[in-house]
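The structure under discussion appears below in the form of C-alpha cells.
Here the structure is a predicted model, which is why all the values come from computation and not from measurement.
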Amino acid sequence: MNSATVRTLLVRGMLAGVVAGLFALVTASFLGEPHVDAAIAFEEAHAHSHEGGEEVVSRGMQATAGLATAVLVYGVAIGGIASLVFSYALGRTGRFGPRATAMLLSGAAFVCVYLVPFLKYPANPPSVGDPESLDKRTALYFLMVLLSVLLAIAATILGRRLAPRLGNWYATVTAVLGFAAAVGIAYAFLPSVSELPEHFPALLLWRFRVSTLAVQLVLWTAFGLTFAHLAERALRPRTAQDGEVGEHAKDTEQNEAEQGAAGSSAAPAAN
C-alpha cells in the first residue's frame, strides 16, 4: 500500500472518528451526564464539613463544551490510529475485504482497548475514589490497556502460525482461548482497586458504569460502520467506472459487429 493511499485512509479514519464522536456525544449526554450529576450531588451532600475550593470550570461548561471537545478529540485520535492499523492489517489477517477488515478491527479495538481494562478497573463517577490514589489508579488502568493490546497482538500471531496445521477455525479458537487465559492471569496478578465511599448508592454506580460502556460501544460501532464505508470507497473508487467502461466497450463492439454484418449483406445485393 503506497503512502498516498495510507494518507487517504488516515484522513477518512479521522473523519469517521468525528462521526463516531458525534454519536458518542449524544449517547453520553443522554445516558452518562444524569448519573454524573447525581454522583456530584451525593459528593456535595456528604462533603458539607469540608471547605470546597473555587470551581474553575462550571458544571454547565463541563457538560456541554467540555464534553463535546473531549469526545470529538478522542474520536479523531482513535480514528487516525485505527486507520493506520487498518492500513497494515488489510490483507494480513485473512481474505477479508476493506469493509470486513474495518469492522473486525473496530470490534477488536473495543474489546482490547476498553472492555478488557474496564472489567478489571471499571469507570467510576467523580465522587468515587481517593484523590491521593488517582495517579496509581491511572497507571494501573493504562498498564491493563497496554497488556490487553500486546496480548491481542500475540494471540493474532499465534493464530496465524497455527492456521496451516490446525486450520483457520481451530487456530482462531486456540488463539482466543489463549488470549482469555493470559488476560485472566493479568487480572489475578494486578492489584484491585476498591475505594467506594460509605453509603454510595450501588444502583447509581451500576448505571454509571453501564452508561460509560454504552458510550464506548456506540463510539466503536459508529466508527466501524463509517470507516468501513469510507475505506471501501477509497480502495475501490473505480469499480463503477470500470463497469461503465466495460459496458461501453461491449456496446461499441456490438455496434461494429452489426455494421460489419450489414456491410457484408449489402455487398452481394449490389452485385
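The minimum heavy-atom distance between Gly159 and Ala171, with the atom names listed, is O-CB, 3.4 Å. In terms of heavy-atom proximity, Met103 sits nearest to Leu225 at SD-N, 3.6 Å.
For the atom pair Thr101 OG1 and Phe86 CZ, the distance stands at 5.5 Å (nearest 0.5 Å). Residue Leu147 holds its CG atom at 11.5 Å from SG of Cys112, rounded to the nearest 0.5 Å. Expressed to the nearest 0.5 Å, how far CG of Leu10 lies from OG of Ser87 amounts to 8.0 Å. Here the straight-line distance linking atom CD1 of Ile153 with atom CG of Leu158 works out to 13.5 Å at 0.5 Å rounding. For the atom pair CG (Leu190) and OH (Tyr121), the distance works out to 4.5 Å, reported to the nearest 0.5 Å. Distance CZ/Arg165 to OG1/Thr174: 10.0 Å, rounded to 0.5 Å.
Side chain of Thr221 to main chain of Val218: no donor-acceptor pair is present (N/O by atom type, distance under 3.5 Å, no hydrogens or angles).
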Check residues 67-77 and write down every donor-acceptor pair under 3.5 Å in which the side-chain atom is one partner and the other belongs to a residue at least two apart or another chain.
residue, atom, partner, partner atom, Å
Thr69, OG1, Ala65, O, 2.8

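Note on Val111: it clusters hydrophobically with Met144, by side-chain heavy-atom contacts below 4.5 Å among ILVMFWY residues. A continuous path of ILVMFWY side-chain contacts below 4.5 Å connects Leu105 to Tyr114, so both sit in one hydrophobic cluster. Under a hydrophobic clustering in which Ile, Leu, Val, Met, Phe, Trp and Tyr are joined whenever their side-chain heavy atoms come within less than 4.5 Å, directly or via other members, Leu213 and Val183 fall into the same cluster. Transitive grouping of hydrophobic side chains (ILVMFWY, heavy atoms separated by less than 4.5 Å) brings Leu119 and Val145 into a common cluster. Hydrophobic clustering (side-chain heavy atoms under 4.5 Å, transitive across Ile, Leu, Val, Met, Phe, Trp, Tyr) keeps Leu205 apart from Leu203.
Residue Tyr170 qualifies as open at atom OH: its count of foreign heavy atoms under 6.0 Å is 12 or below. Dense packing is recorded around CZ of Phe110, with more than 12 heavy atoms of other residues, nucleotides or ligands lying under 6.0 Å away.
The aromatic rings of Phe223 and Trp220 lie perpendicular to each other, with more than 60° between the two planes, well past the 30° mark.
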